[in-house]
Amino acid sequence: MDKIHIQGGIPLKGVIQIAGAKNATLPLMAACLLTEDPLILSNVPKLADIHSLIHLLKDLGAEATLTEESTSSNSLPQGQTLNLSAKNITNSKASYDLVRKMRASILVLGPLLARMGEATVSLPGGCAIGTRPVDIHIKGLQHLGAEIFLEHGYIHAKAPQGLKGKDFTFPMVTVTGTENLLMAACLAKGTTRLINVAREPEISDLVNCLISMGAHIEGIGTDTLIIEGQKSLKGTHHHVVSDRIELGTYAIAAAITRGELDLLGGKKSLIPSFLPKLEEIGVSIEEIPNGLRVSGKNASLRGIDITTDPFPGFPTDLQAQITALLCIAEGSSLITETIFENRFMHVPELMRMGAQISTQGKSVMIRGVQNLVGAEVMATDLRASFSLVLAGLVAQGETVLNRVYHLDRGYEYVEAKLRACGAQIERIHT
Ligand code: EPZ
């Protein structure tokens, strides 16, 4: 398995192109199942998770071809174009060995059921950060008329007469739950009102794509979506929205190394609660033509309290990364994780680098230290892995990160993007 070696202590300086959002691309890919026409997605990031879902879609009978955008010689490819066509769905079963590799595979359930009148999808099971049930996905589809039962670890769903539009109130905010029901409702008979939906930018991106495919959807960006079901949808070409989690992650890289980065494709509106928190810590953020300039130069970083919340609150997917930053901020910080029950696995690894952190149930108390010290550490999940990269970028000496496959699930060209800004980072293939 690959390892990443980092020599810490170098302030980053340079330009990073923010990629298309992983968590927008995955539901957009599942949307190809809603139409017989080709769906073309551009600005697709180069990630392992995208390949996992391509594998699953092909297993269902879809065609998929991925091409890299051409670029000038000395820069990285600016995204990929993914041509999808689910003209002939030959199989409506998403098997365990494919779904277990990537939980977001559950996103094929709604579209498959709506298009084919049946779907058999493996329960995704939990992951490192929590049990992550899909009970609300199931309840919502049953509300739209689907007959669903669970057997041998699979969700067996049928809607032989098609789905029927109806009001459904989400008992709690769920991102992929919203996306599954939104896509299913696009082909249901009649009107569906989805109440208490997730409002992440990736949802709005999916709504925009579905509307360009001929869906009738109102309420974009609000907590209620009203969908007028259509007999069928057509194909379209959609440009994937920028990845707000990658944006926030590299903003923290600028801050923690006391450097300055221009993050192209970044917009304040993508992370409305995150950036003010970064400024409260002492980081400066400036809007520049087609991006954001984030600087930690001469910043005296101060500890603050943070609680994660569904959008537009502080993103849980940036909690591990800001924890690394607050380890070297002056004073104490209390971080409370309200979305997932086990999202502090980066904490023991950060403590091995000299961080002072105590865990208290859903919260961690951080006492800032002067510096961290490089160590051999282990990635446990996607966002925790970058938290350790960030710590390694500022730690004294060398940090070696194991289980790098976690990182590759959600971040493209990490070493190249950081090396281009002065980082001493390399991947060792073992
Ligand atoms: C999406 O996961 C993201 N993944 C996650 O990003 C993100 O952390 C999460 O939303 C929250 O923002 C994708 O979009 C592919 P949820 P999702 O359903 O949809 C509970 C990353 O790092 N819940 O919003 O699976 C659930 O247990 C990943 O890129 C139920 O109880 O998250 C959790 O506590 C990690 N029953 C809470 O809701 C359900 O049926 C929010 O989960 C569904 C969810």
Side-chain angles (χ1 to χ4, degrees), residues 12-28 41-50 68-69 71-72 74-82 200-206 208-209 238-257 259-279 283-296 311-312 314-315 317-318 320-322 325 382-383 385-387 389-390 393 407-423 425:
L12 296 181
K13 175 103 182 80
V15 180
I16 291 180
Q17 174 65 49
I18 299 302
K22 166 180 86 77
N23 290 349
T25 304
L26 296 171
L28 288 166
L41 301 175
S42 53
N43 195 34
V44 171
K46 193 177 177 63
L47 303 172
D49 273 10
I50 305 303
E68 235 157 46
E69 305 293 335
T71 55
S72 54
N74 62 350
S75 66
L76 296 169
Q78 303 304 334
Q80 306 175 107
T81 296
L82 176 56
E200 275 66 4
E202 295 78 38
I203 306 264
S204 299
D205 204 44
L206 177 62
N208 284 325
C209 179
H238 182 79
H239 187 86
V240 178
V241 68
S242 292
D243 192 322
R244 62 195 171 95
I245 304 304
E246 189 192 34
L247 170 64
T249 301
Y250 284 117
I252 294 171
I256 203 168
T257 61
E260 181 175 275
L261 292 174
D262 287 356
L263 303 175
L264 303 187
K267 284 196 297 222
K268 286 191 170 181
S269 59
L270 288 171
I271 33 180
S273 300
F274 169 79
L275 292 175
K277 284 289 183 186
L278 215 46
E279 289 175 316
V283 181
S284 86
I285 294 150
E286 178 196 349
E287 288 183 287
I288 56 174
N290 70 24
L292 296 175
R293 175 165 295 156
V294 181
S295 174
F311 192 88
F314 190 98
D317 293 349
L318 285 170
Q321 298 92 311
I322 203 140
L325 175 62
L382 168 55
R383 305 304 173 182
S385 58
F386 216 115
S387 162
V389 169
L390 293 165
L393 288 170
L407 200 63
D408 297 335
R409 286 196 44 221
Y411 292 95
E412 62 166 23
Y413 305 117
V414 174
E415 305 97 270
K417 289 187 174 184
L418 288 170
R419 232 192 332 262
C421 298
I425 179 171

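Hydrogens, waters and symmetry mates play no part in the numbers below; they use all other heavy atoms, side chains included. It should be emphasised that the depicted structure is a prediction, and the values quoted were computed from it without experimental measurement.
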Would you give me the side-chain donor-acceptor pairs under 3.5 Å for residues 270-279, sequence neighbours excluded?
unit_1	atom_1	unit_2	atom_2	d
S273	OG	P312	O	2.2
K277	NZ	D305	O	3.0

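The two atoms that bring I288 and L292 nearest to each other are CG1-N, 3.8 Å, heavy atoms only. A pairwise comparison of heavy atoms in G422 and L12 identifies C-CD2, 4.4 Å as the closest pair. A251 approaches L263 most closely through the heavy-atom pair N-CD1, 3.7 Å. Looking at every heavy atom in both residues, Q321 comes nearest to L390 through CB-CD1, 3.6 Å. Nearest heavy-atom pair, L393 versus A253, reported as atom, atom and distance to 0.1 Å: CD1-CB, 4.4 Å. Of all the heavy atoms in L76 and A416, the pair that sits closest is CD2-CB, 3.8 Å.
Applying the side chain to side chain donor-acceptor pair (under 3.5 Å) test to residues at least two apart or on different chains, the pairs with a partner in residues 285-294 are D262-R293.
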Starting from the C-alpha separation in whole Å, work towards a yes-or-no answer on side-chain contact (heavy atoms from CB on, under 4.5 Å) for S42 and H239. CA-CA 5 Å; S42 53; H239 187 86; 3.3 Å; yes
Would S284 and V294 count as a side-chain contact (heavy atoms from CB on, under 4.5 Å) here? Give the steps. CA-CA 6 Å; S284 86; V294 181; over 6 Å; no
Begin from the C-alpha positions of I322 and F314 and carry the test side-chain contact (heavy atoms from CB on, under 4.5 Å) through to its verdict. CA-CA 11 Å; I322 203 140; F314 190 98; 3.9 Å; yes
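In this structure, the separation between CG on L82 and NE2 on H238 is 12.5 Å, given to the nearest 0.5 Å. Atoms CG and CG, from L206 and N208 in turn, are 9.0 Å apart once rounded to the nearest 0.5 Å. Separating the OG1 atom in T25 from the CG atom in D243 is a distance of 8.0 Å, to the nearest 0.5 Å. A distance of 6.5 Å separates CZ of R244 from CZ of F311, quoted to the nearest 0.5 Å. Distance check: I256 CD1 to L325 CG gives 5.5 Å after rounding to the nearest 0.5 Å. With values rounded to the nearest 0.5 angstrom, K22 atom NZ is found 8.0 Å from I50 atom CD1.
E412 is linked by a salt bridge (charged side-chain N to carboxylate O under 4.0 Å, His left out) to K417, counting only residues two or more places apart in sequence or in another chain. For F386, the ring pair (Phe, Tyr, Trp, His ring centres under 6.0 Å) test picks out Y250, Y411, with sequence neighbours left out. Taking R383 as the reference, nothing meets the salt bridge (charged side-chain N to carboxylate O under 4.0 Å, His left out) condition, with sequence neighbours excluded. Every residue two or more places apart in sequence or in another chain that forms a side-chain contact (heavy atoms from CB on, under 4.5 Å) with A24 is listed here: A21, L28, E202, D205, V240, V241.
Between L318 and I245 the shortest side-chain heavy-atom distance falls below 4.5 Å. Residues V283 and S295 form no side-chain contact, since every pair of their non-hydrogen atoms from C-beta on lies 4.5 Å or further apart. Contact annotation: the side chain of L264 never approaches that of I18 to less than 4.5 Å [non-hydrogen atoms, C-beta and beyond]. In this structure, S242 and L247 have side chains that are not in contact, with every pair of non-hydrogen atoms separated by 4.5 Å or more.
Using modelled atom types, one side-chain atom of R419 and one backbone atom of I425 make a donor-acceptor pair closer than 3.5 Å.
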